[in-house]
S.K.: 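Let me give you the structure first, and then I'll get to my questions.
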Amino acid sequence: MATEFGKLAARRRIPFPPSVPFPKRGRPEADVLADIRSLIAEDPWPVEGDFALAYAGPPHPIAARAANLARGSIFVEWVEDMYPSAFRLEKEAVSMMASLLGAPEGVGFLTTGGTESNISAVRLAREIGAKSRPEFILPTSGHFSFRLAAELLGVRIRDLPIDEATMRPRAEQLPRLVNRNTVGIACSAPEGAFGQLDPVAEFAAFAERRGLPLHVDAAFGGFILPFLRDLGEPVPPFDFSLPGVTTISTDGHKLGLMPLTTGFFLVRDRDLLAHIPSDETMLHTITSTKPGGTAAAAWAVLQAQGRDGYRETVRRAMRTVGTLADGIAAIPGLRVVMPPFITVLCFTADDLDVAAIHEGLRRRGWGSSYGPINGIPIVRLSISPYRTPAQARGFLAALRETVAEVGA
Ligand SMILES: Cc1ncc(COP(=O)(O)O)c(C=O)c1O
């Protein structure tokens with residue numbers, strides 16, 4: 001596999017917690033909360049020091065207020081008439097995102113995140129293809145949720161190699177992987193390791209020519225690429241504006257300022273979605289009942305932010321990325337691996353222990369991820385829009401200290 005970042009072997013393992021008997025008697029609220037507080041106090045970094053995960057919140061403040069208004073309500077297909085408000089908020093949130101991404105008539109559903117959306121995409125492709133031994137083409141830089149989808153759905157993944165220097169899938173090799181069992185293709189906008197954009201237009205043209213569904217995993221991209229383009233960045237087409245793109249996943253809980261767990265599975269039009277059989281399951285979705293508050297929060301954040309609000313959020317986040325990239329490049333011994341395209345920034349060191357740098361940051365209360373990508377030890381930062389320039393400067397100060405310590 002080209003990217004092995006998520007593999008457990010490279011990551012710190014923590015001991016599995018001891019078994020706990022079911023409580024015999026209820027305890028006072030203050031005691032219960034005190035226990036949780038003391039556990040949280042042992043976390044290696046506060047949320048404000050988290051440069052490891054894009055979704056380290058808190059979400060936009062309107063999310064909690066909106067969710068509170070809808071508290072107790074639910075949305076789920078098999079009783080969508082029970083809370084029509086939640087149903088409508090969900091479908092309107094989906095529609096707003098489909099429209100942002102080039103399909104004003106697009107449909108779909110809210111999911112729990114990128115994993116569920118990607119599983120939904122493989123399921124839809126499998127149903128459209130209706131092959132006895134279905135195969136799905138995935139660049140080796142694709143998210144591992146596609147492999148889960150393949151396992152669950154009885155689909156075989158065909159690996160499309162990537163150019164490790166650029167992280168771009170070798171789209172010219174697509175014809176070699178297509179056969180009569182192929183049901184679909186996926187690509188990423190952008191891939192998760194370095195945040196680099198796949199050549200989506202090439203994929204889309206190929207998929208259209210061959211009559212295959214193309215899924216674009218825009219877990220990160222949906223909530224940043226349109227706004228980067230608004231800011232004047234040259235962002236190639238990656239969404240439904242390309243006729244070959246049939247489905248898109250994008251996550252509100254990554255760069256969309258929405259609470260965990262908010263994902264979007266978007267389908268170009270209603271006829272395509274109808275391929276998912278729901279007579280027996282009652283559902284087009286993978287999970288079932290969700291809180292109405294999730295739909296209300298998603299709807300509210302989109303309305304409160306608007307295109308102009310997201311543009312400013314993205315401008316701010318990219319400024320923080322720039323501060324970090326410049327700061328890291330100025331530390332002797334460190335090397336930014338690829339110029340950041342979005343809010344993902346990776347660095348390494350040719351002559352220093354990179355794992356020790358990650359550990360040193362952790363000891364100082366700053367979060368980053370560590371693991372090998374394409375065989376290179378990498379510290380990876382995924383910068384939440386909530387991180388401030390002051391926090392970036394704090395991170396850099398800790399990094400300078402750590403590098404001096406590791407170098408010595
Ligand atoms: C490109 C990409 N796709 C899908 C996912 C899965 O998203 P989730 O963790 O919300 O299920 C991720 C997670 O980081 C990702 O980076």
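The basis for the numbers below is simple: all heavy atoms, side chains too, and nothing from hydrogens, waters or symmetry mates. Counting starts at 1 for both ligands and their atoms, following the listed order.
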S.K.: Closer than 4.0 Å to some heavy atom of G113 - which atoms of ligand 1 meet that?
M.R.: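 Per the distance check, 10 (O), 11 (O).
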
S.K.: Could you see which bit of H253 sits under 4.0 Å from ligand 1, with heavy atoms only: side chain, backbone, both or neither?
M.R.: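 Side chain only.
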
S.K.: Determine whether the side chains of R364 and T402 contain a donor N or O and an acceptor N or O closer than 3.5 Å.
M.R.: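 The answer is yes; a qualifying pair exists.
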
S.K.: May I ask you to list the atoms of ligand 1 that are less than 4.0 angstrom from any heavy atom of T115?
M.R.: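 Going through ligand 1 atom by atom, the ones under 4.0 Å from T115 are 6 (C), 7 (O), 8 (P), 11 (O).
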
S.K.: Where's the contact between K254 and ligand 1, heavy-atom distance under 4.0 Å: side chain, backbone, both or neither?
M.R.: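 Contact part for K254 vs ligand 1: side chain (C-beta onward).
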
S.K.: Starting from atom 8 (P) of ligand 1, locate the nearest protein heavy atom and write down its residue, its atom name and how far away it is, to 0.1 Å.
M.R.: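 Nearest protein contact, heavy atoms only, for atom 8 (P) of ligand 1 is G114 N, 3.5 Å.
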
S.K.: Counting non-hydrogen protein atoms only, what is the nearest one to atom 15 (C) of ligand 1? Give residue, atom name and distance.
M.R.: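 Protein heavy atom at minimum distance: H143 CD2, 3.4 Å.
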
S.K.: Apply the test salt bridge (Lys or Arg N to Asp or Glu O under 4.0 Å) to residues R363 and E405: give CA-CA distance (whole Å), side-chain angles for both, the deciding distance (0.1 Å), then the verdict.
M.R.: CA-CA 12 Å; R363 256 187 292 110; E405 178 187 87; 3.3 Å; yes

S.K.: When L266 is tested against each of L101, L100, T247 for side chain to side chain contact (heavy atoms under 4.5 Å, CB included), which residue passes?
M.R.: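 Answer to the side chain to side chain contact (heavy atoms under 4.5 Å, CB included) test with L266 among L101, L100, T247: L101.
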
S.K.: Heavy-atom distances under 4.0 Å are what count here, so tell me which part of D217 touches ligand 1: side chain, backbone, both or neither.
M.R.: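 Looking at D217 and ligand 1, just side chain atoms fall under 4.0 Å.
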
S.K.: With distance as the sole criterion, is a donor-acceptor pair present between the side chains of S278 and E77 under 3.5 Å?
M.R.: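 No.
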
S.K.: Taking heavy atoms and a distance under 4.0 Å, where does N118 meet ligand 1: side chain, backbone, both or neither?
M.R.: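 N118 to ligand 1: side-chain contact only, backbone stays beyond 4.0 Å.
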
S.K.: To which of F146, F220, Y55, F144 does the heavy atom nearest atom 16 (O) of ligand 1 belong?
M.R.: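 Selected option, by shortest heavy-atom distance: F220.
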
S.K.: Using a 4.0 Å heavy-atom cut-off, say whether D251 meets ligand 1 through its side chain, its backbone, both or neither.
M.R.: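 Only the side chain of D251 comes within reach of ligand 1.
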
S.K.: Below 6.0 angstrom between ring centroids: does that apply to F87 and F75?
M.R.: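 Ring-ring flag for F87/F75: false, centres at least 6.0 Å apart.
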
S.K.: Using the rule side chain to side chain donor-acceptor pair (under 3.5 Å), only one of H215, H143, E116 pairs with S249; which is it?
M.R.: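 In the set H215, H143, E116, the residue that makes a side chain to side chain donor-acceptor pair (under 3.5 Å) with S249 is H215.
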
S.K.: Evaluate the criterion side-chain contact (heavy atoms from CB on, under 4.5 Å) for residue pair Q391 and F51; output intermediate values, then yes/no.
M.R.: CA-CA 9 Å; Q391 289 161 354; F51 282 88; 4.1 Å; yes

S.K.: Can you list the steps and then say if D351 with R335 is a salt bridge (Lys or Arg N to Asp or Glu O under 4.0 Å)?
M.R.: CA-CA 11 Å; D351 301 313; R335 180 163 64 80; over 6 Å; no

S.K.: S145 to ligand 1: N or O pair under 3.5 Å?
M.R.: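 Such a contact does not occur with ligand 1.
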
